[in-house]
Amino acid sequence: MPANPTAPQAPPPPTGEPPLVRAGLIAVAMAFLAAFLLMPLVSVFAEAFARGPAAFLAAIAEPDALAAIRLTLTVAAIAVPLNIVFGLAAAWAVTKFEFRGKALLVTLIDLPFSVSPVISGLIYVLLFGAGSALGPWLQGHGLQVLFALPGIVLATVFVTLPFVARELIPLMEAQGTAEEEAALTLGAGGWATFRRVTLPNVRFALLYGVLLCNARAMGEFGAVSVVSGHIRGVTNTMPLHVEILYNEYNFLAAFAVATLLALLALVTLAAKTALEWQRSQRRRAAGA
Amino acid sequence: MTAPRTVTAAASPGPGPGPGPARRGWRAPSVIPGFGPTLGITLGYLGLVVLIPLAALVWRSTELGAAAFWDLARDPRTLAALRTSFGAALIAAGVNAVFGALVAWVLVRYRFAGRRLLDAVVDLPFALPTAVAGIALAALYGPQGWLGKPLAALGIQVAYAPAGIVVALVFVGLPFVVRTLQPVIAEIDREWEEAAASLGARRAQTVRRVIAPSLLPAWATGFALALARGVGEYGSVIFIAGNLPHVSEIAPLLIVIKLEEFNYPAATAVGVMMLSISFALLLVINLLQAWNRRRLTDAR
Amino acid sequence: MDVRIDHVRKEFGRFAALDDTSLTIHDGELVALLGPSGSGKTTLLRVLAGLERPSAGRILFGDQDAASLSVQERNIGFVFQHYALFKHMTVLDNVAFGLSVCPARRRPPRAEIAARARRLLALVQIDGLDRRYPDQLSGGQRQRVALARALATDPRVLLLDEPFGALDARVRKDLRHWLRGFHDRTGHTTVFVTHDQDEALELADRVVVMNAGRVEQVADPDTLYDRPASPFVFAFIGDSSSLPATVRAGRLWVAGRALGPVPAADGPVRLFFRPHHARLADTGALVGRVVASRRQGDRRRLDVALRPDAPSDAPSDAPPDAPSDAAGPPHSADLPRPGDAPAASTPVEIDVATDAAPPVGASIRFDITRPSLFPAPAAPRRPIVVAPRPGTALAPPGPKPDRAHAAG
């Protein structure tokens, strides 16, 4: 803004802060985010490559590390699709219909977020463990849930259950039922209405929910730690493998595996930013 | 990544698709198909994955009997762990309330180079696995770390001390405060600030008397969300905490230790107490969000 | 104390929202800033308030240059279009806000602040609602709270941005009367912004018509309506039609016909008239066809498409409905493009008595009892004047433009 040439000393602007205060606030915010968010992220990579790329690669190519990567991918490949189906069904039931107890149902869907990850694991230990009613029966039939893949999957499903549903519910709530009703009057069946009308409308929110669900499924530590049994090369997921290596003072290897998880986080953030950017572009295009 | 978002079903107690009197029984009639199957999947899945296992926890704790439960609950180590978890989470939520509000303000109100990057980075704690965050913070704030070394020179020990727990919980809790406040700050009517100025209020008075009160519900919600997350946090804390019983041992870790000792009753007791705290916080958060929503929707 | 706006200019980026605006607002006056959206009226109000800083020029409160005064120091009362009431404060706290934030040495004691706020609420006639929150009030009540809040600091000037814009029609009318009465009782120097001409004409002592960042005319409502100073004001205030015309040897020519002598120099002009300044007459100078007719109050309003030629003079091969360019008059030197008769392109509006209203499709003749002339636009995209032909002037010498009595 050109300054008023006739004003000897300009009064402060009516709203907003003076430039100096503004610069100070920005500096404090940047310093805070750097100390608590950026520097930890950078330090992961710095520690992993402390002794060069060769050492890094060797740490990742180690058989136990590869087994952990395989297990993590397997768990995510089971847990994420399950929660997608659940999320879509729950969002449909909650947003397209009015029924008593809906608020309670939504609270229940969110419940896993309010529970400590360790407790999420603990409940499965109590349900399937030695002292439970189910434990001996499972053992008698040779079914291993705890300290095996099924337990890890269950704990992961529990902690990642709300992600897809809670991305979809607000959006589908806002979109209402008019388009579905229009499709029905045009002769579309229920499934066709869902696939050709509802799903395209929510595809970005769904994608975002899936990304978050996947990131958490691959990165979950507390719940999985309780149910896994920490058997090297068998029931260790990547985060658990990081813990074991770290506790053995094998920092280089721990951080090397950690970089893979950090990369996953960065990809998730980048995808999220891209999705938001696209959404804002679409809004702008719609507004113009 | 638990983005603090308003639970919307509760937000629309208003009329459904049909007019009020048409509602028969427990649900309003609707022409849209699929109610039975989708609600069936939802309830069945929730029941199997969430409700039955949680019921197992409650069931096992009642098996203990009141006297045994009381003895376990009064164990000094348990109480110390709960105190550590709750106290550290409280302090961390307080730090986040101050700096998170500042970050949210800066991100919404100012335009500067790197703003979009900072905005994206705020979500990092949602995306980064807690174990990775834990070892990264331990390395960063450890005695040889980039920040730990200068701090140690000043006589401040962060890692392997209660302060380390707070640092980890600040990390995991920050996005809750920032993401709850950002939309509310964006909603602040510029005209309020202009009106206050035209009535003679200095900037500081406007901030204190007009802006801060209008942010209060969202602020409290963000604080409570960060607190709830902090109380139950495990992965990012255990690497940096030092885990000294009675000093820097958090409640979730105590559960893990009890489980490793196959002391299921003790694990159950601690678990039930933590779950009670979580549910109390959940209730508070829901009330706060209802308050927040009222503030937002009643604008004008 | 007068408020003087002295050659003020305000740019937003490269867009000049205010372009060299000067205006004096007298002590105790009620002034309306009227204009279409984007005319700069709200910008002017915000510059007065100190919410925007002018790019050039001065604002004077009495003898004091306001340039060095912040909003806080100007002591103005500003009522926002959507009131901007603090919704976390009660009505009483809203009104008391201005007093409670003034510097400690000038701040009245707490009880005194509350008492003054209550007196103000009584003044705006919403006493008894002090403990309510803004959300619990109707639009009209909020408006009054906003007014009371703005008055609490005893401002030198009261500024209102679209004060009735957010209200529904009936409340708006009531509140308009009330505000006029309120001003008469309290005598605050008041400036309000509106895009509603009825509001401006009914309420204000003087109206400032703004267009494209400039002041078009400043006048009392009667002068503004009866003697608009520019084509813009004529078109903006009240209903009107305009026609291209030309002055030739002291006579006004429209659509190929002479209307009568006018005191104007020769050359192209733009003719403006109001619908009720037209009169049907068998000997009328203007000839046209009724293309639409609608009821408006106790009159009928006709849309009339002008025909450039009188039937007696028109070539016989030109039927009444033929495109007007088929019957174009021979062009003269100042008519570079033949075959273009814009006078017939846009219908003009005239009011007639309901019992005398001709049906749609009828050919009519009428006179303009009170024409107003303005210079033709500087660079017309096409010729706007149809050359008169000698001998076609059928009009009786019309009355002088500013002497005529209104036909309706």
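First the proteins, then the strands, lettered A, B, ... as listed; each starts at 1.
With a 4.5 Å cut-off on non-hydrogen atoms, B:Ala267 touches chain A through its backbone and its side chain both. Heavy atoms of B:Arg116 lying under 4.5 Å from chain A belong exclusively to its side chain. Contact annotation for A:Pro239: both backbone and side-chain heavy atoms come within less than 4.5 Å of a heavy atom of chain B. Within the 4.5 angstrom heavy-atom criterion, atoms from both the backbone and the side chain of A:Ala35 approach chain B. For B:Leu281, no part lies near chain A; criterion is any non-hydrogen pair under 4.5 Å. Looking at B:Leu39, both its backbone and its side chain come within 4.5 Å of chain A, counting heavy atoms on both sides. Of the atoms belonging to A:Ser120, not a single heavy atom falls under 4.5 Å from chain B. In this structure, chain B has a heavy atom under 4.5 Å from the side chain of A:Ile119, while its backbone stays farther away. Heavy atoms of A:Asn214 lying under 4.5 Å from chain B are absent altogether. Heavy atoms of A:Leu161 lying under 4.5 Å from chain B belong exclusively to its side chain. If you measure heavy-atom distances from A:Phe32 to chain B, the contacts under 4.5 Å come from the side chain alone. For a residue to count as touching a neighbouring chain, one of its non-hydrogen atoms must lie under 4.5 Å from one of that chain's; by this rule B:Val58 does not touch chain A. Contacts between B:Tyr141 and chain A at a heavy-atom distance below 4.5 Å involve the side chain alone, from C-beta outward. With a 4.5 Å cut-off on non-hydrogen atoms, B:Leu51 touches chain A through its side chain but not through its backbone. For a residue to count as touching a neighbouring chain, one of its non-hydrogen atoms must lie under 4.5 Å from one of that chain's; by this rule A:Leu33 touches chain B with the side chain only. Interface remark: A:Glu243 contributes backbone and side-chain atoms alike to the contact with chain B (heavy atom separation under 4.5 Å). No part of A:Leu240 comes within reach of chain B, as not one of its non-hydrogen atoms sits under 4.5 angstrom from that chain. At a 4.5 Å heavy-atom cutoff, the contact between B:Leu124 and chain A is made by backbone and side-chain atoms alike. For chain B, no part of A:Leu264 is nearby; none of its heavy atoms comes within less than 4.5 Å. Proximity to chain A (any heavy atom under 4.5 Å) is restricted, for B:Ile238, to the side chain, taken from C-beta onward. Neither the backbone nor the side chain of B:Ile277 comes within contact range of chain A; no heavy atom of the residue lies under 4.5 Å from a heavy atom of that chain. Proximity to chain B is limited to the side chain of A:Leu111, based on heavy atoms less than 4.5 angstrom apart. Proximity to chain B is limited to the side chain of A:Tyr246, based on heavy atoms less than 4.5 angstrom apart.
Here CZ of B:Arg111 is found 10.5 Å from CD1 of A:Ile26. Values are rounded to the nearest 0.5 Å.
For the set B:Leu137, B:Thr206, B:Val256, B:Leu174, the count of heavy-atom pairs under 4.5 angstrom toward chain A peaks at B:Leu174. If you tally non-hydrogen atom pairs under 4.5 Å between each of A:Glu47, A:Arg22, A:Glu180 and chain B, the highest count goes to A:Arg22. Among the candidates A:Gly222, A:Ser114, A:Gly190, the residue making the largest number of heavy-atom pairs closer than 4.5 Å to chain B is A:Ser114. Ranked by heavy-atom pairs under 4.5 Å with chain A, the first of B:Val49, B:Val103, B:Leu43 is B:Val49. When each of B:Ala196, B:Gly40, B:Ala131, B:Gly44 is scored by its heavy-atom pairs under 4.5 Å with chain A, the top score falls to B:Ala131. With respect to chain A, the highest number of heavy-atom pairs below 4.5 Å among B:Val270, B:Leu253, B:Leu118, B:Leu48 belongs to B:Leu118. Ranked by heavy-atom pairs under 4.5 Å with chain A, the first of B:Leu54, B:Ile41, B:Ile52 is B:Leu54. Contact count versus chain B (heavy atoms, under 4.5 Å) is highest, among A:Leu41, A:Val226, A:Leu154, A:Val21, for A:Leu41. When each of B:Ile285, B:Thr130, B:Leu147 is checked for heavy-atom pairs under 4.5 Å with chain A, B:Leu147 comes out on top.
When each of B:Leu57, B:Leu259, B:Ile255 is checked for a side-chain contact (heavy atoms from CB on, under 4.5 Å) with A:Val125, only B:Leu259 meets the rule.
Within 6.0 Å of atom CD in B:Glu63, more than 12 heavy atoms from other residues, nucleotides or ligands are found, so the atom counts as buried in its surroundings. With a 6.0 Å radius and a threshold of 12 heavy atoms from other residues, nucleotides or ligands, B:Arg115 has its CZ atom above the threshold. Within a 6.0 Å radius of CH2 in B:Trp146, other residues, nucleotides and ligands contribute more than 12 heavy atoms.
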Test side-chain contact (heavy atoms from CB on, under 4.5 Å) on B:Asp123 and A:Thr273 and set out the steps. CA-CA 10 Å; B:Asp123 276 336; A:Thr273 308; over 6 Å; no
Go through it in stages, so that I can follow the logic: the residues are B:Ser236 and A:Phe221, the test is side-chain contact (heavy atoms from CB on, under 4.5 Å), and I'd like the CA-CA distance, side-chain angles, deciding distance and then a yes or no. CA-CA 9 Å; B:Ser236 60; A:Phe221 177 71; over 6 Å; no
So B:Phe126 and A:Arg216, side-chain contact (heavy atoms from CB on, under 4.5 Å) or not? Walk me through it. CA-CA 8 Å; B:Phe126 284 157; A:Arg216 180 74 189 265; over 6 Å; no
Please test A:Leu261 against B:Leu128 for side-chain contact (heavy atoms from CB on, under 4.5 Å), starting from the C-alpha separation and ending with a verdict. CA-CA 7 Å; A:Leu261 290 168; B:Leu128 195 68; 6.0 Å; no
Test log, rule ring-ring contact (aromatic ring centres under 6.0 Å, His included), inputs A:Phe36 and B:Phe171: CA-CA 6 Å; A:Phe36 282 91; B:Phe171 175 87; 8.5 Å; no
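Shown here for B:Pro53 and A:Tyr124, the closest heavy-atom pair between the two residues is CG-CE2, 3.7 Å. Here the closest heavy-atom approach between residue B:Ala120 and residue A:Leu269 is recorded as O-CD1, 3.8 Å. Taking all atoms of both residues into account, the shortest heavy-atom contact from A:Leu127 to B:Ala56 is CD1-CB, 3.7 Å. Listed here is the closest heavy atom pair of B:Ile32 and A:Phe97: O-CE2, 3.1 Å. A:Pro117 and B:Gly232 get closest at one heavy-atom pair: CD-O, 3.4 Å. A:Ser43 approaches B:Ala136 most closely through the heavy-atom pair OG-O, 3.6 Å.
Side-chain contact check for A:Glu17 versus B:Trp105: some heavy-atom pair is nearer than 4.5 Å. Looking at A:Val44 and B:Val132, their side chains come closer than 4.5 Å, going by heavy atoms from C-beta outward. Counting heavy atoms from C-beta outward, B:Leu282 and A:Phe113 have side chains that stay 4.5 Å or more apart. Counting only heavy atoms from C-beta outward, the side chains of A:Leu37 and B:Pro125 approach each other to under 4.5 Å. Under the 4.5 Å side-chain criterion, counting only non-hydrogen atoms from C-beta, A:Trp191 is not in contact with B:Pro33.
In this structure, the ring of B:Phe35 has its center less than 6.0 angstrom from the ring center of A:Phe99. Separation of the A:Phe86 and B:Tyr45 ring centroids falls under the 6.0 Å cut-off.
In this structure, the side chain of B:Ser278 does not engage the main chain of A:Val115 through any donor-acceptor pair within 3.5 Å.
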